[in-house]
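Step one of this worksheet: look at the structure below.
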Amino acid sequence: MTSVVSARRRVIGWRALAVLVLAAASLPAAAQSMACGTYKQDDGNATLILESESHGFLTSAHSPTEELRIARSEDVLGMVNLATGRMENWTFGDGDRTLTGGYHDFVREKAAACKPFYPVEEGSCRADPVGCLEHYLEAEPVQLRQWCSEDVPVACKRLVELYERQANEAAPKEPPPFPLPAQCDETAKGHDPAVCMRLLETMAGEVMGKAIMGLSHAPQAVLPPEQLVELAGLCQQHPREEFCQRVAEAQWNAGRLLEARDALQHACSTRADAYACTLVAPLVGLPPAALSPVPTTALPCGLYVAEHGLFSDLQFGDAGVVQVSDYAARLRARVEDGRVHLRRDIGDDIVLQTVRDGSLVGMDGSTRFAHYTRQSGAAGGCSAPLSFTEIPQPLDCPTLDREGGPEACCKAGQLLGCKLAASARARDEDWKSTPPYYAALCTAGVRDGCVGLAEVYEHTGDEALPTLLAAICAKGGATHIACDVDATRDWPALRAMVRAIAEDPAPRE
């Protein structure tokens with residue numbers, strides 16, 4: 001062993017550690033130096049088990065067990081985490097009673113005799129984990145597939161990530177969420193590159209902010225059928241919790257609900273308190289018809305209940321309005337691309353898919369794996385949904401970066417100025433001065449302006465605001481977007497909330 005790793009080197013290279021791991025299999029038992037046993041993390045949240053000269057495990061109550069390939073040189077313990085790909089050198093101390101690594105110390109709780117070495121196939125990733133995992137982020141699918149088949153969990157997870165990235169890159173690009181301003185049109189008389197850039201940066205910052213806050217997500221592209229079949233097979237052969245849950249998400253996203261349930265069950269098989277067990281429990285025992293998607297042609301009607309998901313119950317009623325328990329704003333439903341979409345004021349749509357037995361399943365990130373069953377005794381018929389007219393937020397304020405520029409734009413009828421003026425006052429919690437700006441937006445048909453008026457009511461309790469919203473609706477006609485926002489407010493619930501805050505103004509978490 002001294003010919004492989006110098007005894008004088010206290011911190012040895014990972015390549016040398018990998019060689020040490022391979023060489024250790026031929027060492028006699030008397031030469032074993034690993035301090036095998038159970039080590040407890042100083043905060044009690046994790047346990048490190050050194051099982052043999054070359055294998056260990058990191059466990060905790062709330063996460064899957066992570067398998068380690070290990071090797072020792074003097075008081076340095078080299079570890080390759082096969083679940084995460086991390087490579088670390090830890091240090092033994094106090095006569096092998098402690099191990100220091102990362103931000104924690106581990107203290108030996110129980111010593112144990114080292115078990116025999118696990119056999120590893122020569123040339124495999126498990127035989128040389130450093131050699132394959134040093135650059136696993138750059139590995140091609142064929143290589144990741146091979147390592148995954150050798151039961152290297154991080155390679156399996158990386159394979160799913162790579163497939164998803166490739167699918168997203170190949171998917172058609174989403175159109176911008178706002179119309180390009182005239183200053184960005186190179187053929188137009190008013191083309192102004194500097195103003196164009198300022199306008200685009202303003203809206204891009206808002207879009208990015210929503211993404212960072214988790215309020216908006218790019219739709220996940222569906223993986224090709226051959227990749228879904230391949231991943232299902234790998235999950236079945238190597239039922240690792242995190243990998244199989246990712247496979248289940250990919251299968252569900254593609255509408256392969258039965259295959260997704262199978263993958264969740266494999267993920268659950270690793271430990272009883274895995275999150276996948278919570279997700280799959282309501283799906284176990286459902287007949288195939290309850291997990292067989294069919295195109296949605298009409299909105300559902302009545303009460304639908306699920307055991308988990310962002311919303312546990314959805315009451316579909318007249319005109320596409322959906323009531324949710326303990327939610328002060330109703331949702332408006334529509335049929336789009338063969339699915340039910342529920343529009344929210346903040347965040348992406350809730351997306352539901354009809355299945356063959358008439359129930360619903362959640363297809364977006366907030367309701368994925370939720371199965372909504374229609375309750376008996378619910379309403380038997382609902383009136384047809386309504387469609388409303390709205391305009392996207394214009395980018396029409398060339399003086400937005402000047403002092404008083406947004407207000408001047410709004411006064412001139414340039415609606416981006418109204419939005420910026422209202423947003424600036426809302427950020428400063430000067431809610432009482434925002435209604436004129438929100439009202440200008442709302443009257444013009446920009447939904448954010450109408451929603452802004454309702455939000456101001458929540459902060460001020462000003463009863464003039466519901467009246468103003470209703471007046472804009474009446475003036476604009478039944479299809480004006482103000483009518484939709486007004487109809488989807490639960491005004492009695494909002495009034496009760498405002499009164500409760502006034503009576504107990506202490507900050508709420």
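Basis for what follows: all heavy atoms, side chains included, without hydrogens, waters or symmetry-related copies.
The side-chain contact (heavy atoms from CB on, under 4.5 Å) with L469 is formed by just one residue from the set Y457, Y438, W491; it is W491. Test Q353, H371, R374 against S359 for side chain to side chain donor-acceptor pair (under 3.5 Å) and you get one pass: H371.
Residue Y275 qualifies as open at atom OH: its count of foreign heavy atoms under 6.0 Å is 12 or below.
For the atom pair C148 SG and F243 CZ, the distance stands at 4.5 Å (nearest 0.5 Å). In this structure, E169 CD and R165 CZ are separated by 5.5 Å, a value rounded to the nearest 0.5 Å. To the nearest 0.5 angstrom, H62 atom NE2 is 9.0 Å from R271 atom CZ.
For R158 and E140, the salt-bridge test fails: no basic side-chain N is under 4.0 Å from an acidic carboxylate O. Taking the charged nitrogens against the carboxylate oxygens, R344 and D349 have no contact shorter than 4.0 Å, which rules out a salt bridge. Salt-bridge check for E88 with R86: passed, with a basic side-chain N closer than 4.0 Å to an acidic carboxylate O. Taking the charged nitrogens against the carboxylate oxygens, D345 and R489 do have a contact shorter than 4.0 Å, which makes a salt bridge. Between R246 and E241, none of the side-chain N atoms (NZ, or NE/NH1/NH2) sits under 4.0 Å from a carboxylate O, so this pair counts as no salt bridge.
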Step-by-step disulfide bond (SG atoms under 2.5 Å apart) determination, C418 to C409
CA-CA 7 Å; C418 303; C409 282; over 6 Å; no

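Legend: side-chain hydrogen bond (donor to acceptor under 3.5 Å, both in side chains) pairs involving residues 223-236, not counting sequence neighbours, sorted by first then second residue: R145-E230, Y163-E230. Applying the ring-ring contact (aromatic ring centres under 6.0 Å, His included) test to pairs two or more places apart or on separate chains, those with a residue in residues 276-315 are Y304-F316, F311-Y327.
For R332, the salt bridge (charged side-chain N to carboxylate O under 4.0 Å, His left out) partners at least two apart in sequence or on another chain are D484.
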